[in-house]
Engineer: 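This is the structure I have questions about; it appears just below.
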Amino acid sequence: MGIDSFCSLDGSDPFWDWNRTWQTHNPDLTPCFQNTVLVWIPCLYLWLFAPLYILYLKRNDHGYICMTHLNRAKTAIGFTLWLICWADVFYSFWERSHGATIAPVYLVSPTMLGVTMLLATFLIQYERMKGVQSSGVMLNFWLITIVCATVTFRSKILHALNEPASVNVFKYTTFYIYYTMLLISLILACLSDQPPLFSQAVRDSNPCPESGIYNIFLHFVKALVITNAARRTSTVGEIVNLMSVDAQRFMDLITYINMIWSAPLQVILALYFLWQNLGPSVLAGVAVMVLMVPLNAVIAMKTKTYQVAQMKSKDNRIKLMNEVLNGIKVLKLYAWELAFKDKVSDIRESELRVLKKTAYLGAVSTFTWVCAPFLVALSTFAVYVLVDEHNILDAQKAFVSLALFNILRFPLNMLPMVISSMVQASVSMKRLRVFLSHEELDEDNVERPAISSYSIRIVDGAFSWSKDESPTLKRINVHIPEGAFVAVVGHVGSGKSSLLSALLGEMQKQEGSVSIKGSVAYVPQQAWIQNATLKDNILFGRDGKDSWYQKVVEACALLPDLEILPGGDSTEIGEKGVNLSGGQKQRVSVARAVYCNCAVYLLDDPLSAVDAHVGKHIFEKIIGPQGLLQGRTRVLVTHGLSFLPQADLILVMVDGEITEMGSYTELLGRQGAFAEFLHTYTNTEQEEVEESVGGEAGRFIAELLSCFHASVLSYMDLKNKRDSLIKNKSISLNSLNAAGTGKTPQKTEPNDVAAAKKTKSAEAARLTEADKANTGRVKLSVFWEYMKAIGLPLSIFSIFLFFCHHLSSLGSNYWLSLWTDDPVINNTQPNREMRLGVYGALGISQGIAVFCYSVAVSVGGILASRYLHQTMLYNILRSPMSFFERTPSGNLVNRFAKETDTIDSVIPSIIKMFMGSMFNVLGSCAVILIATPLVAIIIPPLGLFYFFVQRFYVASSRQLKRLESVSRSPVYTHFNETLLGTSVIRAFGEQQRFITESDGRVDHNQTAYFPSIVANRWLAVRLEFVGNLIVTSAALFAVMARDSLSPGIMGLSISYALQVTASLNWLVRMSSELETSIVAVEKVKEYGDTEKEVSAPHSTLPAGWPTAGHIEIHNFGLRYREDLELAISDISVNIEGAEKVGIVGRTGAGKSSLTLGLFRIIEAAQGEIHIDGVNIAELGLHELRSRITIIPQDPVLFSGSLRMNLDPFDGYTDEEVWRALELAHLKNFVSGLPDKLNHECSEGGENLSLGQRQLVCLARALLRKTKILVLDEATAAVDLETDNLIQSTIRTQFEDCTVLTIAHRLNTIMDYTRVLVLDKGQMAEFDSPSNLIAKKGIFYKMAKDSGLV
């Protein structure tokens, strides 16, 4: 049975009929086709997909959705549709039973459709049970069904109108109900159901696009797992660049991706129609286009090379800026800002040189593509009229061709952008690939057995920092039982910290095995502090348990600090802990580890940064046998000898090997290296103290030191005394901790303190300022600033060139219209050579103008970005320290990375496009108005509509862009912070939490990015509408005035009208892009208006000042912020030249604040300081800071050569540098390096140990050799022997200098002339050490705690 007889038994209803579907004015499909194909297509779709879809739903269960009104409605309509289909089937049977002949199709098709509707209803319910809120499969099904039914719907209406007599009322009624139900189903399928119960899915109110996010996510995860060796090759600056610039390149490419196939298609179609119009002459145009391709290929290749070079410079610049921002305090103390400003500027200059080359290439590229359509038109018309003199260029030929050439213009203009975008993306892709394929830490470096007799076990271990290096640690064998307390000792650089890194799995395991049982907590040598509240820093993502938290805070001696901090434990700590002293940071770091309650504790010399008495307190309360960590395994790297007798096991390290191991008494008994080290150390110390202190007190100390080996007894004795002190009720525990002594406070104000604590406002607790988004229009002053940065003459000249270009473009098209109106004499046009020549000349002048304005704008852009970057750099380096404490480094890095990139490469190209499209629109409107003045009626209302759309769009788009920029800074800040603390995060196993936090910040950033894309589409629809109205009106009025218009002018008007849509669209897009991009200028200028350090008048100081080093401090006080109380106050001391003064006091007593006042890092709030009789407030900051020297608390090194780190201005000879290294005990180490002085220090000096970095800082001081030297806890991180060497160097080399030392180890200042004791920001005592000990005041108690008296 054929398909025709399936539809009608007598063959009267064929399946296909050409006369009905094609050769007619009112085409329609046959009823047979409608009842078969159009009914079966949706059925086939659903039956094909249903099995796969059901399987998919079975595997992906999202929970269960309760019955909602939406679901009930969908189900009810599904059943109704099924009933309607069955009604049709039964009606056909009924007709058959009454003698009518019914074709099989009327039984088969409705049955098939009915069963399909039943399947659809089943799927709706099944989706509900599996938690599907909206279904693409079902939406497509209803859409296909309605499209197929619409054809039948139209057919039935036409049939009812033309042949009302033959209408079957029942079937027509059921069909119309069926069609209505389908429409309702389609609408319901577009609606989303409520979320399922028990859903595991994250309920996000703002689902985001995922393109760039995944990229950033990958970076973050990768940064947490790369090895230390890989970290050296990919610096923080580089990784931030990968995240910001390279990830963005992919997002930019996505917008052009469709042009890859659509541009060639448009070109082919345009050429086909041109061939139809002008015949083979088009080949001349095609030849011109083909010639353009290799030229642009060469430009693209060159651009790629420059792109790589530019990104390299950018990486170096961001890396250096990152270091400058991280070490800004040191730069200010050394007055090195200018040296580093020049370093950054040098890198920037090389970057701008490459940019300039790229700009010239870009100008050639723009020239070729803007001129391409014109050259194609010129060559085609020239060949057309010159090949045959009977070829007449009339309006039809010229303007249809011109319209087609203009269609060619868009894909040809877009292709270079697509190509350059692809080139940039491929460069970025390569960089990302390099980063993502870096070596990762092997998770199997450390085994984690659940059951083991040892807590820590290393068998025949050899470890290195990267696979290719020779082992740093070798022949390591350690077995540590559970609950043991192990001390690791050794000289600077002997591998103590490396041993802990090996236990954490941070080093490459070359041979042997490492196993750790249970969870690990790690305290690094340099405390890593997050930009969060103090409490969050301690909790570190764990749940808050108040009683345990209180215990930990008390044990870490943090209670007095909480009293001082403006917001208690909810005080926000700045990045890298800027508003905490070194000791406070270290104690917070210890508290974090203790709070997390782990099985194994790895402590990398945490007691070096705190005062002796606080160190003792922490040891007793936490690490020691009676501390909070008793029963846990503790591995303590230490330089403090007093703790060693308490250790169960001591490991002695020399050159990366464990040379001795045993308990304190065992090692002493062996008479090995350890015993010798102890003897020599205690003897030298004993002699020094006896000489320095003299008299009875000196002998007393010396005796005590000679009994050093019996220090266990003295230790227990001291402990008992302390316990009895605590039991004595008259002394409050707080005051005891406040000075680390039993000193009773002068005033006790319990009520006031409690009241003050309550009023500690949340405002005072805040420190950093988030990046703020400006609102409203970008001020015209910003554009004016940018024009001034370019230079006004160049700006005006550029605008003039744009004008010339568009004038010659209009001229050439007008000339063409005059040419087409030339009379035809004997089938030829006279003057065609003259016409052609002028047309060509106008075109060439157009090309020259294009080239010139492209160069002018690009060069102007480079001049502007150089000026803006330099001023920003200068302004930021001149900002006071308080500015850096308040401003997260992410904000600053964002300015130097993303915003500078926008000013470099985005703004100039946007200005070109904006100016181009603006002149295009104005020119088009002018031509249309001149040709058809009637259009003037419609242009004003359209202009008004366009204006409103444009304002509405630009306002939204600009604000979204600002929000996106502002929400990007926290992503970088968090990323930067995480990179600095990767080892801590990995040790605590907190990677997932940091990844989630980063994802949250990225998602927040994307919620601003996605709506801006949606806004773009909103705009396109409205602009197309405006453009189409202009085209319609131009054509309509041209036809109405056809009698009075020449064909040439009419053609010109309509060809311009056709361009208006694209130009309008581009104009709004570009004006919005220009406003959003110019925001970068606004952001960069922002830091020009912040407070700056005071620049003093030009002073006339003699060259060698200060000559004596006499310091007079009179009634001095300072505060950290306007809204805070004085940190130190009423300090008056007189220090003679060449005097050695120690400054001591509990952590946070104001010791470092005093030095900050001396260097005017913070300006005085009261009183003054005179050096050699000169008031330092009257000096220039650079002058003051370069004439006095400090060895700071945190030894900061910058990436670059070791020589640069010692002498960035190149002011000293190599001999002088070597001499300084020798005196700093670094000569052997440096001469052993392959590159000697040119040894590359990695970022932050990470390839040197902390002690070695401290010695480099000493060498800096020796090199500068000024009359005043300040040591800020400078020997905290070195072992006792090195400390001794440093102290002796200082005594000999700085004998005739005034030395101020902030000390934790009191033995280092026992031989000083005087000691200044600070307490709570005020001067408590000031006298020689022997007198102070005799007075039995604060100093005496501190010395007693240190075991010196």
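Everything numeric in this text was worked out from a predicted model, so none of it was measured.
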Engineer: Between CD of Q584 and CD1 of I529, what distance do you get to the nearest 0.5 Å?
Structural biologist: 10.0 Å
Engineer: Does a side-chain N-to-carboxylate-O contact under 4.0 Å join R986 and E506?
Structural biologist: yes
Engineer: Less than 4.5 Å apart, side chain to side chain, heavy atoms only: is that true for V1196 and N326?
Structural biologist: no
Engineer: Exactly one of Q525, K496, M653 should register a side-chain contact (heavy atoms from CB on, under 4.5 Å) with V637. Which one does?
Structural biologist: K496
Engineer: V1317 vs F1326, test: side chain to side chain contact (heavy atoms under 4.5 Å, CB included). Steps then yes/no.
Structural biologist: CA-CA 6 Å; V1317 182; F1326 185 42; over 6 Å; no
Engineer: Measuring only between side-chain heavy atoms, which start at C-beta, is I1143 closer than 4.5 Å to L1318?
Structural biologist: yes
Engineer: Within the distance-only criterion (no hydrogens, no angle test), does the side chain of R634 pair as donor or acceptor with the backbone N or O of Y601 below 3.5 angstrom?
Structural biologist: no
Engineer: Check this for me, if you would: do E1325 and K1335 make a salt bridge, where the nitrogen-to-carboxylate-oxygen distance has to be below 4.0 angstrom?
Structural biologist: no
Engineer: With a 3.5 Å distance limit and no angle check, can you tell me whether R1001 reaches the backbone of P970 through a side-chain donor-acceptor pair?
Structural biologist: yes
Engineer: At their closest point, which heavy atom of Q646 faces which heavy atom of P625, and how far apart are they?
Structural biologist: OE1-CD, 3.2 Å
Engineer: Starting at CE of M881, measure out to NZ of K329 and round the result to the nearest 0.5 Å.
Structural biologist: 6.0 Å
Engineer: Could you check V590 against V552 for side chain to side chain contact (heavy atoms under 4.5 Å, CB included), going step by step and ending with a plain yes or no?
Structural biologist: CA-CA 9 Å; V590 172; V552 171; over 6 Å; no
Engineer: Side chains of L651 and L649, heavy atoms from C-beta outward: is any pair under 4.5 Å?
Structural biologist: yes
Engineer: With rounding to the nearest 0.5 angstrom, report the CZ to CZ distance, R542 to R592.
Structural biologist: 10.5 Å
Engineer: Any chance you could measure S1129, atom OG, to K1320, atom NZ, to the nearest 0.5 Å?
Structural biologist: 12.5 Å
Engineer: Using only atom types and a distance under 3.5 Å, with no angle test, would you say the side chain of N579 pairs donor to acceptor with the backbone of G574?
Structural biologist: yes
Engineer: Judged by atom type as modelled, is there a donor-acceptor pair below 3.5 Å linking the side chain of E620 to the main-chain atoms of G627?
Structural biologist: no
Engineer: Judged by atom type as modelled, is there a donor-acceptor pair below 3.5 Å linking the side chain of R448 to the main-chain atoms of V446?
Structural biologist: no
Engineer: With L607, which of V614, T638, I623 fulfils side-chain contact (heavy atoms from CB on, under 4.5 Å)?
Structural biologist: I623
Engineer: To check you understand the geometry: which heavy-atom pair defines the closest contact between L1316 and M1323, and what is its length?
Structural biologist: CD1-CG, 3.3 Å
Engineer: Heavy atoms only: give me the nearest G1117-L1126 pair and the separation to one decimal.
Structural biologist: C-CD2, 4.4 Å
Engineer: Between S589 and Q586, is any pair of side-chain heavy atoms under 4.5 Å apart?
Structural biologist: yes
Engineer: Is T1155 reaching over with its side chain to a backbone N or O of S1152, donor-acceptor style, under 3.5 angstrom?
Structural biologist: yes
Engineer: Taking the side chain as every heavy atom from C-beta outward, state whether I650 and V488 have any pair of such atoms under 4.5 Å apart.
Structural biologist: no
Engineer: Work out which heavy atom in V635 is nearest to a heavy atom in I480; give both atom names and the distance.
Structural biologist: CG2-CD1, 4.2 Å
Engineer: Between F540 and Y595 (judged by ring centroids, cut-off 6.0 Å), do the two rings come close enough to count as a pair?
Structural biologist: no
Engineer: Using side-chain hydrogen bond (donor to acceptor under 3.5 Å, both in side chains), reason through E977 and N531 one step at a time and then give a plain yes or no.
Structural biologist: CA-CA 8 Å; E977 190 171 79; N531 179 196; 5.6 Å; no
Engineer: Ignoring hydrogens, what is the shortest heavy-atom contact between K585 and A527? Give both atom names and the distance.
Structural biologist: O-CB, 3.6 Å
Engineer: Does E1125 CD have over 12 foreign heavy atoms under 6.0 Å away?
Structural biologist: no
Engineer: Step by step, work out the side chain to side chain contact (heavy atoms under 4.5 Å, CB included) result for L602 and V523.
Structural biologist: CA-CA 6 Å; L602 305 178; V523 179; over 6 Å; no
Engineer: Can you check side chain to side chain contact (heavy atoms under 4.5 Å, CB included) on I1309 and V1144, steps first, answer last?
Structural biologist: CA-CA 9 Å; I1309 56 158; V1144 297; 3.4 Å; yes
Engineer: Under 6.0 Å from the ring centre and within 45 degrees of the ring axis: does the NZ or CZ of K332 meet both conditions for the six-membered ring of F1159?
Structural biologist: no
Engineer: Without swapping roles, check the side chain of D604 against the backbone of S498 for a donor-acceptor pair under 3.5 Å.
Structural biologist: no
Engineer: Just by distance, do the side chain of S998 and the backbone of F994 share a donor-acceptor pair under 3.5 Å?
Structural biologist: no
Engineer: Hey, are the side chains of L1332 and Y1340 touching, using non-hydrogen atoms and a 4.5 Å cut-off?
Structural biologist: no
Engineer: Between D648 (side chain only) and A484 (backbone N and O only), is there a donor and an acceptor less than 3.5 Å apart?
Structural biologist: no
Engineer: Apply salt bridge (charged side-chain N to carboxylate O under 4.0 Å, His left out) to K551 and E554, showing your working.
Structural biologist: CA-CA 5 Å; K551 262 190 198 163; E554 192 178 328; over 6 Å; no
Engineer: Testing the 3.5 Å rule here: is there a donor-acceptor pair between the side chains of Y549 and D569?
Structural biologist: yes
Engineer: Any idea which heavy atoms bring P1192 and L333 closest together, and the distance?
Structural biologist: CB-CD1, 4.4 Å
Engineer: With distance as the sole test, does T982 use its side chain to make a donor-acceptor pair with the main-chain N or O of T978 at under 3.5 Å?
Structural biologist: no
Engineer: If I take atom CG from residue D561 and atom CG from residue L534, how far apart are they, to the nearest 0.5 angstrom?
Structural biologist: 8.5 Å
Engineer: Tell me yes or no: between the side chains of D999 and T996, is some donor less than 3.5 Å from an acceptor?
Structural biologist: no
Engineer: Taking the six-membered ring for Trp and the single ring otherwise, decide whether the centroids of F619 and F485 are under 6.0 Å apart.
Structural biologist: yes
Engineer: Can you tell me how far CG of L500 sits from OG of S983, rounded to the nearest 0.5 angstrom?
Structural biologist: 10.5 Å
Engineer: What I'd like to find out is whether the side chain of L980 reaches to under 4.5 Å of the side chain of Q530, using heavy atoms alone.
Structural biologist: no
Engineer: Would you say I1128 and L1154 make side-chain contact, with heavy atoms under 4.5 Å?
Structural biologist: yes
